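Nothing here was measured: the structure is a model prediction, and the numbers come from that model. Chain letters run A, B, ... following the sequence lines, proteins first, then strands; residues in each count from 1.
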Amino acid sequence: MILVTHAPLARSFFLRDTISVARDLLGKTIIRNSREGMLRARIVETEAYLSSGDEASHSARGKTQRNASMFARGGTAYVYTIHARCCFNVVTEEADKGCAVLVRAVEPLSGVERMRALRGLCSDRDLTRGPARSCEALGIGLSWDGWDLTSGRRLWVCQGDSLSAVELGNSVRIGISRSQELLYRFFVKNNRFVSGPQRLNHV
DNA sequence: ACGGGGATCGGCT
DNA sequence: GCCGATCCCCGTA
């Protein structure tokens, strides 16, 4: 039985503009439910990837087999591999636009022992500090590409605790070399799981 | 705490 | 072949 507080975010949340979704996902909870038990983690760092004019986005050169789910409607999971690792994205806006939010870091809430088993030997901080580490700790592999995150089963996103007491920061995206970078990265300030620099960058 | 370099492999030109 | 929305380890402070 799903508790009220674990109710999935509605489709309408993901259909909004990508920048707003990237910012508003901070503090939300990712839930991964399986026979092994429930894993819960709080989103503390995100990046927005837009459709038109964003050279750094996987969708910049159109639809391919790899990025196909990025062109699904908002609320769909987009999981891709890079450097032999997986990264988890939440698709935003209407279908065929090709925009998404990358989840760059989460803070473990429950099921920490299982996360440790999934990650292998590492420090507590490195359990979920970074997009691929977060993915591995939550048991999110390539097979989750295209999953409907509003279904409220197996893998979804729910409201989580209010973020009113914490401070938010933004900066340029990490690891992007091409194109003029804008402040498309959002993070919870002073959270130890945030993967990049905490200072604000200015363009 | 921070930075540099190597590992690694699937997708794309 | 090339290259990346990365990670990990090993230098320096």
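- Protein chain A touches strand DNA chain B; the 5'-most and 3'-most nucleotides with an atom under 4.0 angstrom of its non-hydrogen atoms are B/dT8 to B/dC12.
- As rounded to whole Å, 15 Å separates atom P of C/dA5 from atom CD of A/Glu45.
- Remark: A/Thr64, A/Arg66 in residues 64-78 of chain A come within less than 4.0 Å of DNA chain B through at least one heavy atom.
- Listed by chain and number, the residues in a side chain to side chain donor-acceptor pair (under 3.5 Å) with A/Arg129 are A/Asp126 (sequence neighbours excluded).
- To the nearest angstrom, P of C/dT6 lies 16 Å from CZ of A/Phe88.
- Partners of A/Asp124 according to the side chain to side chain donor-acceptor pair (under 3.5 Å) rule, which considers only residues two or more places apart in sequence or in another chain, are A/Arg116.
- To the nearest 0.5 angstrom, A/Leu102 atom CG is 15.0 Å from A/Tyr184 atom OH.
- Contacts classified as ring-ring contact (aromatic ring centres under 6.0 Å, His included) and involving residues 97-155 of chain A (residues at least two apart or in different chains) are given here: A/Trp144-A/Trp147.
- For A/Arg173 and A/Tyr49, the positive end sits near the middle of the six-membered ring, less than 6.0 Å away and at most 45° from its axis.
- Rounded to an integer number of Å, the gap from A/Ile82 CD1 to C/dT6 P is 6 Å.
- Partners of A/Arg119 by salt bridge (charged side-chain N to carboxylate O under 4.0 Å, His left out), not counting sequence neighbours, listed by chain and number: A/Glu136.
- Take A/Gln65 and apply the side chain to side chain donor-acceptor pair (under 3.5 Å) test, not counting sequence neighbours, and it matches no residue.
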Produce a footprint string for nucleotides 7-13 of chain C: one letter per nucleotide, 5' end first; B if the base is under 4.0 Å from any protein heavy atom, S if only the sugar-phosphate is, - if neither.
SS-----
What pattern of brackets, bars and dots sums up DNA chain C from 5' to 3', given Watson-Crick or G-U wobble pairs under 3.5 Å, [ ] for crossing pairs and | for another strand?
||||.|||||||.
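- Taking all atoms of both residues into account, the shortest heavy-atom contact from A/Leu142 to A/Val79 is CD1-O, 3.4 Å.
- Stacking is found between A/Tyr49 and the pyrimidine-like six-membered ring of the C/dA5 base under the 5.5 Å centre-distance and 30° plane-angle cut-offs.
- Sorted by first and then second residue, the salt bridge (charged side-chain N to carboxylate O under 4.0 Å, His left out) pairs with a member in residues 6-20 of chain A read A/Arg11-A/Asp148, A/Arg16-A/Asp24; sequence neighbours excluded.
- Remark: A/Thr92 engages A/Thr18 in a side chain to side chain donor-acceptor pair (under 3.5 Å) (not counting sequence neighbours).
- Remark on DNA chain B: of its neighbouring residues A/Leu142 and A/Arg125, the 5'-side contact belongs to A/Arg125, judged by nearest-heavy-atom nucleotide.
- Going from atom CG of A/Leu102 over to atom P of C/dA5 covers 10 Å, rounded to whole Å.
- In terms of hydrophobic clustering, with Ile, Leu, Val, Met, Phe, Trp and Tyr side chains grouped at heavy-atom distances under 4.5 Å, A/Phe187 and A/Leu109 are assigned to different clusters.
- Interatomic distance, OG1 of A/Thr46 versus CG of A/Asn170, reported as 10.0 Å (0.5 Å rounding).
- The CZ atom of A/Arg61 sits 18 Å away from the P atom of C/dC2 (whole-angstrom rounding).
- Within the structure, salt bridge (charged side-chain N to carboxylate O under 4.0 Å, His left out) contacts touching residues 84-94 of chain A (residues at least two apart or in different chains) are A/Glu93-A/Lys97.
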